[in-house]
Amino acid sequence: MVPKTEKSSDFEMPARNSDETVEKKNVAKDMSVQRRASARIQAAKQKAEEELHARRGAVVVEEEKEKEEKRVKVAKKWSKKRVRNGEYLGEGEVVVGVASPKKGNNGSGNEDGVGEGEGGVASSLAKKPNRRPFMQDQNGVGDSENAVANSAENKGAALRVKETIRVYNKHYLHFVQEEEKRCGKAKAESEAAKKSKSSKSKKAGPLEVKKTHQRPDLKALSMMMTNNEILYPEKRIGDLPGIEAGHQFFSRGEMVAVGFHSHWLNGIDYMGKSYGKVNSIYEYPIAVAIVLSGQYEDDVDNADDVVYTGQGGHNLTGDKRQINDQKLERGNLALKNCIEQDVPVRVIRGHKSSNGKSSNGKSSNGATKIYTYDGLYKVIKYWAEKGISGFTVYKFQLKRIEGQPLMTTNQVYFTRGRVPQSTAEIRGLVCEDITGGQENIPIPATNLVDDPPVAPTGFTYCNSVKVAKNVKFPKAATGCKCKGVCIDSTTCECALRNGSEFPYVAQNGGRLVEAKDVVFECGPNCGCDETCVNRTSQKGIRYRLEVFRTAKKGWAVRSWDFIPAGAPVCEYTGILARTEDMDSVLENNYIFEIDCLQTIKGLGGRERRSQSGTFPSNLLDKYDDHGSDGAPEYCIDAGPTGNIARFINHCCEPNLFVQCVLSTHHNLKFARVVLFAADNIPPLQELTYDYGYELDSVLGPDGKVKQVTCYCGAPGCRKRLF
DNA sequence: GCCTCTCAGCTGTAT
DNA sequence: ACAGCTGAGAGGCCC
């Protein structure tokens, strides 16, 4: 393969991921050694939020008040259940009836979130004096004028949707953690009981051990309802701001969390008769959303016509067959009423993922089903017929409303179906494995942009961090004394360092529950073995990744597998060097400052992860020698040598986040830098993280502030990389 | 009008 | 294979 000099026009985001340095000659003594940081700067986002608030205006205040009263009611209703649901109380530790502004200490470390002014964007659009349900126009599709006026708010709304789902995922993982703890305890108790039983050979009392997990997804939803974290808690007709046709959800729970379809079990979501008391425009019940489950893969693509079977008459506990006649009531009646009153219905299609295995043979993901919003449909007609079992079933014919964006195959189908299954199927393959066999799974490179296509060159692949000669790397710390795998978070020393909690859940091969200041993993001197969950980030690449060429951003990375939120993607490797030694390096875009300490302390414009101070000050005393309150002393240079992480691009609204991890030693200055999934990431979506440059922080050779345009394309893009 | 009770509805996950 | 939990709607109760 012949290396090719890049055309500078290819690099509007300068020299990111290029293997050949661009414009070197123009830079004499450039101060612009651009360094990535683990915490992002929020200025631009905050500004956008403020503008949004201003736009909402004072009118909304009154409406919010009204809404607030309703929230209090809902919270009261839910308070009992919440107590029953377990110990984890979620963020804000909400007291009944008090609406809590939430801080989204999740994922990318973004602040704000859903809670603050929950449903705010929507409410300004939705609220009419007589509480008429939200509807953009008679067809349910906004006219162009409205569309323009709403587009800016929709951007914010899309972000709110994303944040809400992150909150849901966080609650979900907390409850998985709680359940794993409970099951672990139950297992240990039952084993102990067995032992004593056999030793005594006496009849022990019946010990009921509930092994199965108790639906952490449902608990997460309960939690969100209690905390008023549901983005759109009131049912609405028509589209919801921030969710356009083609939007993918990864569980029924996500849709409930957003308020897109308000039940995790029912197929038909409808507004009941009680809505008629406050709004006499319609005859209720009327349907607002339906889920077509599992029958989609045999359907014709872009099918605009749907025949939907009504609900009822099923044998719920047994074989799920029809055992009774369906009646024209509840959801069925709601759909019928939609015909007569010309009310559009949101149609969501559920698809099964074809397989859950990655090429390494391990079970790779948690998503077995995804749900795609297919747009607004109108119910054309309905009829009753005798079903296969001989009982009456109601059928509803729905037709997609015209004027909505057409679904492409990629949007409609789960993209996994399009993923290559072998190297022979890969289009534009330029390198079968850039790792040279160093990773568990080969990482191919593809190039459909350049002519002739070239492979990434100019670096040596290394799957672990190499230490520069002049750096004294800390010695390995003493570890925990656990045997086998660490289970008891009250005795495992590594868990104690994490605040008496394991930071990971075992589900899907290990997932980080939430972003932390720093994660203490088990290391070489620990008593546990390599299967211990507290070594999650040390297990190498888990997903089938691909390096691919883009037109504007150089190289980029995507996964062929679904990556669940909280799963580790890769470590950032390279040469661990002193930051001051890097000042003389020209145009190196691969330097990552290890700024764990600065993030914990919120120094240098970095956003703190733990607002509530979950990182105890005594620990900070223990792991910090107070010698470096200014700039990070050490960095990782992935320029000459590095791994897959060096190809991952920046994005202002990324799907990965940076997590500092300590495993072999406990020196924060030398923390490992690991990238985790902030969201559920579908196959073939580009992987990105926030480089975290502070605006105006990079100076050019002339001493002036250097500005570089960002081309990430995110709706909330800050327009500048730095 | 408010409160309480009943029951339809089918997914997610472990085995 | 099986646990899971909301919310519509009906009925009862009180003012």
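What you are looking at is a predicted structure, and each value in this text was computed from that prediction instead of being measured. First the proteins, then the strands, lettered A, B, ... as listed; each starts at 1.
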Step-by-step side chain to side chain contact (heavy atoms under 4.5 Å, CB included) determination, A/Leu173 to A/Glu514: CA-CA 8 Å; A/Leu173 287 171; A/Glu514 64 182 315; over 6 Å; no
Go through it in stages, so that I can follow the logic: the residues are A/Thr309 and A/Tyr394, the test is side chain to side chain contact (heavy atoms under 4.5 Å, CB included), and I'd like the CA-CA distance, side-chain angles, deciding distance and then a yes or no. CA-CA 6 Å; A/Thr309 307; A/Tyr394 280 93; over 6 Å; no
Test log, rule side chain to side chain contact (heavy atoms under 4.5 Å, CB included), inputs A/Cys522 and A/Cys486: CA-CA 9 Å; A/Cys522 292; A/Cys486 301; 3.6 Å; yes
Before you tell me yes or no, could you show the steps for A/Gln248 and A/Thr372 under side chain to side chain contact (heavy atoms under 4.5 Å, CB included), namely the whole-Å CA-CA distance, both residues' side-chain angles and the distance that decides it to 0.1 Å? CA-CA 4 Å; A/Gln248 290 187 328; A/Thr372 308; 4.0 Å; yes
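Rounded to whole angstrom, the span from the OH atom of A/Tyr172 across to the P atom of B/dT13 amounts to 4 Å. Straight-line distance from the CG atom of A/Leu173 to the P atom of B/dG12: 15 Å, rounded to whole Å. The separation between A/Leu328 atom CG and B/dA8 atom P is 17 Å, rounded to whole Å. In this structure, NZ of A/Lys219 is placed 10 Å from C1' of C/dG4, rounded to the nearest angstrom. Spacing between atom OH of A/Tyr168 and atom P of B/dT11 amounts to 14 Å, rounded to whole angstrom units. Atom-to-atom, CE of A/Met255 to C1' of C/dC5 comes out at 17 Å; the value is rounded to the nearest Å. For A/Ile290 and B/dG9, the CD1 to P distance is 15 Å, given to the nearest whole Å. At whole-Å resolution of the value, CD1 in A/Ile268 and P in B/dC10 are 8 Å apart.
Other residues, nucleotides and ligands place no more than 12 heavy atoms under 6.0 Å from the CD atom of A/Glu244.
Listed pair A/Lys235 / C/dA8 meets the phosphate criterion, a side-chain N or O lying under 4.0 Å from OP1 or OP2.
Listed nucleotides: B/dA14, C/dC5, B/dT11. Nearest to the side chain of A/Ser222: C/dC5. Checking B/dT13, B/dG12, C/dG7 against the side-chain heavy atoms of A/Met225 singles out C/dG7 as nearest.
Both the sub-6.0 Å distance and the 45° axial angle are not jointly satisfied by A/Arg346 relative to the ring of A/Tyr373.
Checked for salt-bridge contact, A/Asp679 and A/Arg166 meet the test: a charged N lies under 4.0 Å from a carboxylate O.
Within 4.0 Å of A/Gly312, counting heavy atoms only, lie sugar-phosphate atoms of the nucleic acid but no base atom.
The base of B/dT13 is not paired with the side chain of A/Arg215 by any donor and acceptor separated by under 3.5 Å.
Within a heavy-atom distance below 4.0 Å of DNA chain C, the residues of residues 257-267 of chain A found are A/Ser262, A/His263, A/Trp264, A/Leu265.
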I'd like a table of atom pairs between the protein and nucleotides 9-13 of chain C - only N or O on both sides, under 3.5 Å - with the distance next to each one.
unit_1 : atom_1 : unit_2   : atom_2 : d
C/dG9  : OP2    : A/Lys273 : N      : 2.7

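Note: A/Tyr282 and A/Tyr284 have perpendicular aromatic rings, judged against thresholds of 30 and 60 degrees for the angle between ring planes.
For the side chain to side chain donor-acceptor pair (under 3.5 Å) test with A/Tyr172, the passing option among A/Gln507, A/Gln177, A/Lys219, A/Glu254 is A/Gln507; the others fail.
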